[in-house]
2 protein chains.
Amino acid sequence: MKKINAKKGTLLQRKGDISSKVYLVESGLLRSYTIDEKGKEHIYMFGPENWLVADNCEPNTPCQLFIDAIEDTIINVATKEELLKEGPDLNALLRRLDTMQNRIIMLMSSNAKERYEHFTKTYPNIIQRVPLKMVASYLGITPEALSRVRHQLSKKK
Amino acid sequence: MKKINAKKGTLLQRKGDISSKVYLVESGLLRSYTIDEKGKEHIYMFGPENWLVADNCEPNTPCQLFIDAIEDTIINVATKEELLKEGPDLNALLRRLDTMQNRIIMLMSSNAKERYEHFTKTYPNIIQRVPLKMVASYLGITPEALSRVRHQLSKKK
DNA sequence: GCTATGCATTGATGTACATCAAGAAATGAC
DNA sequence: GTCATTTCTTGATGTACATCAATGCATAGC
């Protein structure tokens, strides 16, 4: 477990890397994302304080995610082996599965407006800290679409 | 750990249930799914032989998923507590996270055709065993759209 | 200060997929 | 076997969102 200090913009891991690490965020904000064959970026997860950010790829296979720092961030880095040895936090794992399940259900059943509303409720602190285009990327819509959703919601009030 | 025999069509768990169980499939096929506010069904997961099917909801909260048997199925049922006590299979959990991650990335970056092709590659045995409309529901598209994708693919050969 | 770069918004147009409706084919009940 | 139900397909139409392009605002570099 090594503590490192990543300046805003630092790339910690790139798609295709084999030795994927696990990043425990102490302060700041990380993000993990892919870039698809069409060159489009899709944010998989934001990692604020106390989050564990990692690619879930199988051991010894190239990982799928880029991970970088959106803010100056202090992180504890470990290998997966280290983490497994010291007995991982089961509850955290289960919570993680719950989060993923919610995300999948949301992606399958909600439209742009519903996704945005869900996001603002679930991550009220993150929305202040990242550009809207990243929120859009996380939600699976374009910045333009998000802008229009927000416009529409602000009028209704 | 109780062994039960679920006839095709049996509903094992419904959305809103509190005491969500864990189902280890011995033979047959389960499926877990939600129904959204618009009444639409979305398949979250298929559970063939040796799969663990469960709602990942937090303990003591109403779960989100229905679980039923698509074929006559033999299952071992346990509570989450039981499973946690006897030390869960960490590798299985990590593999599960990997699967979820892939699903999320696919939902965000692939169109109907790509999703279908990915599914046939990843689950070649399941596609034979379920009606196409369930495949469509798993992929997050309508049966009509799936039909057209398949038509288009068959012509290209 | 000025200029360059990135971000958000707005409008015009395009498109992938949904929805609706009808018919054909397969499956199941009895 | 026959009838009913479900599944799959096909066509016509609708719509949510993407894409493309232009503009206004910030912010950052120097």
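Any value given below was found using the heavy atoms of this structure, including those in side chains, with hydrogens, waters and symmetry copies removed. Letters go in sequence order (proteins before strands), and every chain restarts at 1.
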Measuring to OP1 and OP2 of dT9(D), would you say a side-chain N or O of H151(B) lies under 4.0 angstrom away? no
What is the distance, rounded to the nearest whole Å, between atom NZ of K7(B) and atom P of dG28(C)? 13 Å
Between K15(B) and E41(B), does any NZ, NE, NH1 or NH2 come within less than 4.0 Å of an OD or OE carboxylate oxygen? no
d(CZ, R150(B); P, dC17(C)) in whole Å: 16 Å
To the nearest angstrom, the NE2-P distance between H42(B) and dA18(C) comes to 11 Å
Here the distance between atom C1' of dA16(D) and atom CZ of R115(A), to the nearest Å, is 11 Å
What I'd like to find out is whether the side chain of F66(B) reaches to under 4.5 Å of the side chain of L11(B), using heavy atoms alone. yes
Could you tell me whether K38(A) and E114(B) make a salt bridge, using a distance below 4.0 angstrom between a side-chain N and a carboxylate O? yes
How close or far is atom P of dA18(D) from atom CG of L139(A), stated in whole angstroms? 10 Å
Donor + acceptor pair across side chains of Q64(A), N56(A) (<3.5 Å): no
Identify each atom pair where a protein N or O and an N or O of nucleotides 5-7 of chain D are less than 3.5 Å apart, giving names and distance.
| from | atom 1 | to | atom 2 | distance (Å) |
| --- | --- | --- | --- | --- |
| dT7(D) | OP2 | K133(B) | NZ | 3.0 |

Rounded distance in Å - CG (N111(A)) to P (dA16(C)): 20 Å
Mapping V130(A) and S110(B) to their closest nucleotides on DNA chain C, which lands nearer the 5' end? V130(A)
Group every Ile, Leu, Val, Met, Phe, Trp and Tyr by side-chain heavy-atom contacts under 4.5 Å, then state whether W51(B) and I126(B) land in the same group. no
From the options H42(A), M100(A), M45(A), select the one residue that forms a side-chain contact (heavy atoms from CB on, under 4.5 Å) with I104(B). M100(A)
Give me the distances for all protein-to-nucleotides 19-25 of chain D N/O pairs that come in under 3.5 Å?
| from | atom 1 | to | atom 2 | distance (Å) |
| --- | --- | --- | --- | --- |
| dT19(D) | O4 | R148(A) | NH2 | 3.2 |
| dC20(D) | N4 | E144(A) | OE2 | 3.2 |

Given atom CG of L153(A) and atom P of dA8(C), what is their separation to the nearest angstrom? 17 Å
Does any non-hydrogen side-chain atom of L52(B) lie less than 4.5 Å from one of R96(B)? yes
Kindly confirm or rule out a cation-pi arrangement of R129(A) over F46(A), judged by NZ or CZ under 6.0 Å from the six-membered ring centre and within 45° of its axis? no
From the list dT10(C), dT9(D), dC17(D), which nucleotide is the closest neighbour of the side chain of I141(A)? dC17(D)
Integer-rounded Å distance: dT10(D) C1' and L146(B) CG: 14 Å
Can we say D72(A) and K7(A) salt-bridge, meaning some charged N sits less than 4.0 Å from an Asp/Glu carboxylate O? yes
